Amino acid sequence: MEVVIVDSPAAGAEIAARAIAELLTTKPAAVLGLATGSTPLGVYDALVRMHQQDGLSFASARGFALDEYVGLDVDHPESYRAVLQREIVGRVDFAAGAVRTPDGWAEDVPAACAGYERAISEAGGIDLQLLGIGGDGHIGFNEPSSSLASRTRVKTLTLATRQANARFFHDDLGAVPKHVLTQGIGTILKARHLVLLAWGTQKAHAVAQAVEGSVRAMMPASALQLHQHATVIVDEAAAANLTQADYYRYVYLNKPAWQGI
Ligand code: PGA
């Protein structure tokens, strides 16, 4: 995989946004894999700026979220459907219904998960999947021990993940759902380009294990090592535990000018 070490989250967000903009320019009907959490917010801000200033259009594009909580009220502002609407979908020109999230309100959960997989396939698969990483190495909501071949399904969040996300629920741990629907690791690996972003020292351990550790279910992000086109964009703090950081910098600095991430 390619590791890009940047000075700041803003610089990393700009690189990811540029990759999405280039994709949309060459393939206006691209299928984007969207992530939630704090990490990708700078990417969304950059895309909104490109939409407003440069006319970058999402009108023919489609999107699929990585995951969704189960058990929130349908109009809860922290459902990922609501978060994505607020952070990106409603700020650019996606067509109505072009961005889907797993149906966390479905009565028949297995059918909803199978339907989500089918919808991704019928859209032609995901061209570029944005990813964050949990401190425990989760991608999407695939917690440690998730099968590396898993597909969209219900998962139970670890206490650590619920504690990390309590900040979105007025620091009320009891308000953070225990269950989620998430694309599986196998689903994520089907996307044509994976772009994982990580900022801050609290991600340094997971980043180093994912990039340089062994591939294993206890470190879900290590599955990126199995992908043909995975880009990991990290700031200096998140890169702190990488043993080969100098080599990654050297590779990136010496890339052919025409080659994007
Ligand atoms: P964060 O979450 O972007 O809010 O740090 C990432 C994740 O848990 O996948």
Side-chain angles (χ1 to χ4, degrees), residues 1-6 12-13 15-20 22-24 26-27 30-37 39-40 43 62-67 102 116-117 119-121 123-134 136-153 155 182-199 203-234 238-239 241-245 247-249 251-252 255-256 259-261:
M1 68 182 81
E2 178 175 35
V3 181
V4 181
I5 302 173
V6 292
I15 292 171
R18 223 162 37 227
I20 293 171
E22 281 165 19
L23 171 64
L24 287 170
T26 54
K27 185 178 181 184
V31 181
L32 304 176
L34 302 172
T36 45
T39 306
V43 181
R62 273 167 297 174
F64 289 91
L66 273 173
D67 43 22
Y116 200 65
E117 289 281 333
I120 292 173
S121 295
I126 291 170
D127 288 297
L128 186 153
Q129 176 68 61
L130 281 178
L131 296 166
I133 182 171
D136 59 2
H138 69 225
I139 48 174
F141 270 137
N142 295 282
E143 298 284 30
S145 81
S146 290
S147 159
L148 301 183
S150 49
R151 293 302 179 137
T152 303
R153 67 217 185 287
K155 287 292 288 181
T182 182
Q183 286 188 35
I185 298 173
T187 316
I188 292 168
L189 289 176
K190 294 277 265 186
R192 285 180 274 279
H193 185 192
L194 302 180
V195 179
L196 184 144
L197 310 169
W199 325 130
K203 302 293 173 72
H205 172 75
V207 166
Q209 288 295 310
V211 174
E212 297 179 344
S214 52
V215 175
R216 58 197 196 279
M218 292 310 288
M219 180 49 60
S222 66
L224 267 66
Q225 295 178 36
L226 300 169
H227 197 275
Q228 284 190 327
H229 189 186
T231 310
V232 174
I233 306 177
V234 289
N241 292 13
L242 291 168
T243 65
Q244 303 300 309
Y247 175 65
Y248 308 139
R249 287 192 189 92
V251 170
Y252 188 66
K255 268 179 90 140
Q259 202 177 27
I261 59 168

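Because the structure is a prediction, the values reported are computed rather than measured.
Here the CD-CG distance, from Gln228 to Leu189, works out to 11.0 Å after rounding to the nearest 0.5 Å. In this structure, the separation between OG1 on Thr182 and CZ on Arg151 is 12.5 Å, given to the nearest 0.5 Å. Rounding to the nearest 0.5 Å places CG of Leu66 at 4.0 Å from CD of Gln129. For the atom pair CZ (Arg192) and CG (Asp127), the distance works out to 4.0 Å, reported to the nearest 0.5 Å. Atoms CG and OG1, on Leu196 and Thr231 in that order, are 9.5 Å from each other to the nearest 0.5 Å.
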Q.
Pair Asp67, Gln183 - check side chain to side chain contact (heavy atoms under 4.5 Å, CB included), show working.
A. CA-CA 6 Å; Asp67 43 22; Gln183 286 188 35; over 6 Å; no
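Residues Ser145 and Met218 meet the side-chain proximity criterion, which asks for heavy atoms closer than 4.5 Å. Proximity of Leu224 to Ile139: side-chain heavy atoms (C-beta onward) are separated by under 4.5 Å at one or more points. Side-chain contact between Thr39 and Lys203 is present, with heavy atoms from C-beta onward closer than 4.5 Å.
Between Ser150 and Asn142, the shortest heavy-atom distance links the atoms OG-OD1, 3.7 Å. Looking at every heavy atom in both residues, Ile185 comes nearest to Ala223 through CG2-CB, 3.5 Å. Nearest heavy-atom pair across Leu242 and Ala208 is CD2-CA, 3.7 Å. When every heavy atom of Ser146 is checked against every heavy atom of Ala217, the shortest pair comes out as O-CB, 3.3 Å. In this structure, Asn241 and Ala204 approach most closely via the heavy-atom pair CB-O, 3.8 Å. The minimum heavy-atom distance between Ala221 and Ala210, with the atom names listed, is CB-CB, 3.6 Å.
Only one option out of Val43, Val232, Ile20, Leu130 pairs with Val195 in a side-chain contact (heavy atoms from CB on, under 4.5 Å); it is Leu130.
A distance-only check finds a donor-acceptor pair linking the side chain of His227 to the backbone of Ala191 [under 3.5 Å]. Distance alone, capped at 3.5 Å, places no donor-acceptor pair between the Gln225 side chain and the Met1 backbone. Judged purely by atom type and a 3.5 angstrom limit, Glu117 has no side-chain atom pairing as donor or acceptor with the backbone of Thr187.
Every residue meeting the ring-ring contact (aromatic ring centres under 6.0 Å, His included) condition with His193, not counting sequence neighbours, appears here in chain and number order: His229. With sequence neighbours excluded, the residues forming a side-chain contact (heavy atoms from CB on, under 4.5 Å) with Ile15 are Val4, Val6, Arg18, Ile233, Tyr252, Ile261, listed by chain and number.
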